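One structure is given below, encoded as C-alpha cells.
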Amino acid sequence: MTVIVQGHQDSINGEALLAGDEVNQTETVSQEKMGSSDGPLESDILQLDGGFMTPDSNAFGHAFRDYEKESVRRAGVQEFYRTNHINQSYEYVLSKREHYGKLDKTVMSIWECCELLNEFVDESDPDLDEPQIEHLLQTAEAIRKDYPNEDWLHLTGLIHDLGKVLLHPNFGGEPQWAVVGDTYPMGCAFDESIVHYEFFKENPDFHNPKYNTKYGVYSENCGLENIIISWGHDEYMHMVAKMNKTTLPPVALFIIRFHSFYALHRAGAYTHLMNDEDHEMLEWVKIFNKYDLYSKSKVRVDVEEVKPYYQSLIDKYFPSKLRW
C-alpha cells in the first residue's frame with residue numbers, strides 16, 4: 001500500500017548534495033556485506049562499545065542532531081517543533097491516550113505495519129529523509145551484528161518506530177507534530193535541554209502553576225512508568241505492544257516508550273523522577289540509541305533477504321495479528 005504524507009516534503013527532500021557526498025550514494029547490500037571492507041573507510045568512522053562503527057556525519061553530510069545547521073531541511077524541522085511545543089499539553093495527551101487506547105483502528109500483523117510505513121518520512125528528523133522501513137531495518141541489522149544473542153533487541157530495533165502508523169489516514173491521519181519528534185514529560189516543568197525549548201512559552205502548561213514546577217503532579221522517584229509522556233509514536237507503540245500481551249522483556253517496552261526522550265538519556269534531565277529500575281533500564285536505552293541514531297545512512301538493507309529472520313522473531317514475541 002502506498003501512503004502519501006502531506007506537509008513539507010518538497011523543502012525537506014530537496015536538499016542538494018554537498019561536496020564529497022558521492023561516497024553516500026545509495027547501494028543495496030546483504031547482511032554479510034554490511035560492515036565489510038566495502039563500507040566506509042576507517043578514517044570516516046568512530047568506534048563505540050559493542051563494535052558498532054558510526055559515521056561522522058548523517059545522510060546529508062552534517063553532524064547528527066544538529067538543529068542549528070543551515071540547510072533546506074532546517075526550516076521545516078524548526079517549524080515542526082514550534083507547532084509540537086505549542087500544542088502538546090497535559091490535557092491534550094490525556095485525550096489522545098484515551099482515544100487510541102481503545103485499539104479499535106484495525107487488526108494487522110507487525111510486518112503489515114512495517115510495510116505501511118514504506119513511504120513515510122519523519123519531518124522532525126534532521127538526519128534522514130529515507131522512508132521509515134529503511135531506518136527500521138538499518139537499526140535492527142546494526143544491533144543484530146553487535147548483539148547476535150539478544151534477539152529481543154533485534155526485534156525492538158525493527159518495531160520501535162511502528163507507532164508512526166498514526167500518520168496513516170485510516171488511523172486518523174494525525175499531523176506529524178503529534179506523532180514524531182523528541183518526547184518529554186507532561187505535568188511538570190519543561191526542561192531547557194529539550195530541543196527548541198523557546199517554543200514552550202506559548203504552551204498553556206508553561207504558565208500553569210499546577211504543571212510548571214520541577215515535580216508538578218509527580219513526586220520524587222515516582223518511576224517513569226507513572227509519568228505522562230508527550231503523545232506520539234513511542235507512547236502508541238508501547239501501548240499496542242503491552243495491550244496485545246507481547247512477551248518481549250520489560251526493558252524492550254521501556255526502550256520503545258522512551259527512545260525519543262533525549263532530554264533524559266542525552267542531557268540527564270528528569271532523573272529526579274526515576275526509580276532504581278529506571279536507572280538500570282536506561283543503560284539499555286543508551287545502547288539502543290546509538291543504533292537508532294547513527295545507523296541512519298544511504299546504505300540499504302535487502303528486505304527480502306532478512307524478512308524470514310525477523311518474521312521468526314515476530315512469531316516468537318507477538319500474536320499473529322494485533323489490535324491497533
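This is a predicted model, so every value here is computed, not measured.
- Going from atom OH of Y317 over to atom OG1 of T156 covers 8.5 Å, rounded to the nearest 0.5 Å.
- Looking at heavy atoms from C-beta onward, Y291 lies in side-chain contact with D146 at the 4.5 angstrom threshold.
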Between L313 and Q311, does the side chain to side chain contact (heavy atoms under 4.5 Å, CB included) criterion hold? Intermediate values first, please. CA-CA 5 Å; L313 299 188; Q311 186 60 59; over 6 Å; no

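- Here K316 pairs with D151 in a salt bridge; the nearest charged N to carboxylate O distance falls below 4.0 Å.
- A donor-acceptor contact closer than 3.5 angstrom is absent between the side chains of H207 and N212.
- A donor-acceptor contact shorter than 3.5 Å links the side chain of Y270 to the backbone of D191.
- The closest side-chain heavy-atom distance from C114 to L158 is below 4.5 Å.
- Without hydrogens or angle criteria, H265 side chain to N289 main chain gives no donor-acceptor distance under 3.5 Å.
- No side-chain donor from either of Y236 and E174 sits under 3.5 Å from a side-chain acceptor of the other.
- L253 and H238 get closest at one heavy-atom pair: O-CD2, 3.3 Å.
- With hydrophobic clusters built from ILVMFWY side chains whose heavy atoms lie under 4.5 angstrom apart, W111 shares a cluster with L248.
- Checked by atom type and distance alone, the side chain of N244 never pairs as donor or acceptor with a backbone atom of T246 at under 3.5 Å.
- Here the side chains of V93 and Q88 are in contact, with some heavy-atom distance below 4.5 Å.
- Here F200 and F206 keep their ring centres 6.0 angstrom or further from each other.
- By the 4.5 Å heavy-atom criterion applied to side chains, L264 and L273 are not counted as neighbours.
- Residues L136 and H160 form a side-chain contact, since some pair of their non-hydrogen atoms from C-beta on lies under 4.5 Å apart.
- Between atom CG of residue D276 and atom CG of residue N221 there is a gap of 7.5 Å, rounded to the nearest 0.5 Å.
- Ring orientation note: the planes of H85 and F199 are tilted relative to one another, at an angle of 30° to 60°.
- Residues passing the ring pair (Phe, Tyr, Trp, His ring centres under 6.0 Å) test with Y90 are Y211, sequence neighbours excluded.
- Residues M186 and Y218 approach most closely at O-OH, 2.5 Å, considering heavy atoms.
- When all heavy atoms are compared, the tightest approach of M237 to I110 is CE-CD1, 4.2 Å.
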What verdict does the side chain to side chain contact (heavy atoms under 4.5 Å, CB included) test give for H196 and E198, after you've listed the backbone C-alpha separation in whole Å, the side-chain angles of each residue and the deciding distance to 0.1 Å? CA-CA 5 Å; H196 287 302; E198 67 273 14; 3.0 Å; yes

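- When all heavy atoms are compared, the tightest approach of I227 to C222 is CG2-SG, 4.3 Å.
- At a threshold of 4.5 Å between non-hydrogen side-chain atoms, the residues V195 and Y81 count as touching.
- A 4.5 Å side-chain heavy-atom check between I228 and L94 finds at least one atom pair inside the cut-off.
- In this model, no donor atom of one side chain and acceptor atom of the other lie less than 3.5 Å apart for H154 and K145.
- Considering only residues two or more places apart in sequence or on other chains, K242 meets the side-chain hydrogen bond (donor to acceptor under 3.5 Å, both in side chains) condition with none of them.
- Checking S260 against D234 by side-chain atom types alone, a donor-acceptor pair falls below 3.5 Å.
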Please evaluate residues K210 and V217 with respect to the criterion side chain to side chain contact (heavy atoms under 4.5 Å, CB included), reporting the C-alpha separation (whole Å), side-chain torsions for both, the decisive distance (0.1 Å), and the verdict. CA-CA 7 Å; K210 182 178 179 180; V217 299; 4.2 Å; yes

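- A single hydrophobic cluster is not seen to contain both V179 and I86; linkage of ILVMFWY side chains at heavy-atom distances under 4.5 Å, directly or through other members, places them apart.
- For the atom pair CG of L116 and CE of M108, the computed distance is 5.0 Å after rounding to the nearest 0.5 Å.
- Residues passing the ring pair (Phe, Tyr, Trp, His ring centres under 6.0 Å) test with W231, sequence neighbours excluded: Y100.
- Using a 4.5 Å heavy-atom cutoff, the side chains of F288 and I143 are in contact.
- The aromatic rings of W324 and F171 sit perpendicular to each other, their planes meeting at more than 60°, with 30° as the lower class boundary.
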Anything under 3.5 Å between a donor and an acceptor, one on a side chain of residues 277-284, the other on a protein residue two or more places apart or in another chain? List them.
residue, atom, partner, partner atom, Å
D278, OD2, L224, N, 2.8
D278, OD2, N275, N, 3.0

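- Criterion: ILVMFWY side-chain heavy atoms under 4.5 Å apart, direct or through other members. Under it, M243 and L155 are part of a common hydrophobic cluster.
- Once rounded to the nearest 0.5 Å, the distance linking OG of S109 with CD of E112 reads 3.5 Å.
- The two residues S230 and D182 have their closest heavy-atom pair at OG-O, 4.3 Å.
- In this structure, S219 has no side-chain hydrogen bond (donor to acceptor under 3.5 Å, both in side chains) partners at least two apart in sequence or on a different chain.
- Residue I194 comes nearest to A263 through the heavy atom pair CG1-CB, 4.0 Å, listed as atom of the first residue, atom of the second, then distance.
- A search for ring pair (Phe, Tyr, Trp, His ring centres under 6.0 Å) contacts involving F254 returns F258, not counting sequence neighbours.
- Rounding to the nearest 0.5 angstrom, the gap separating the CG atom in N84 from the CH2 atom in W177 is 7.5 Å.
- Between H135 and D292, the side chains place a donor N or O and an acceptor N or O closer than 3.5 Å (distance only, hydrogens not considered).
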Given V306 and D302, is the side chain to side chain contact (heavy atoms under 4.5 Å, CB included) satisfied, shown in steps? CA-CA 7 Å; V306 301; D302 187 328; 5.7 Å; no

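- Cation-pi geometry between R144 and Y309 is met: under 6.0 angstrom from the ring centre, within 45 degrees of the axis.
- To the nearest 0.5 angstrom, I159 atom CD1 is 4.0 Å from I256 atom CD1.
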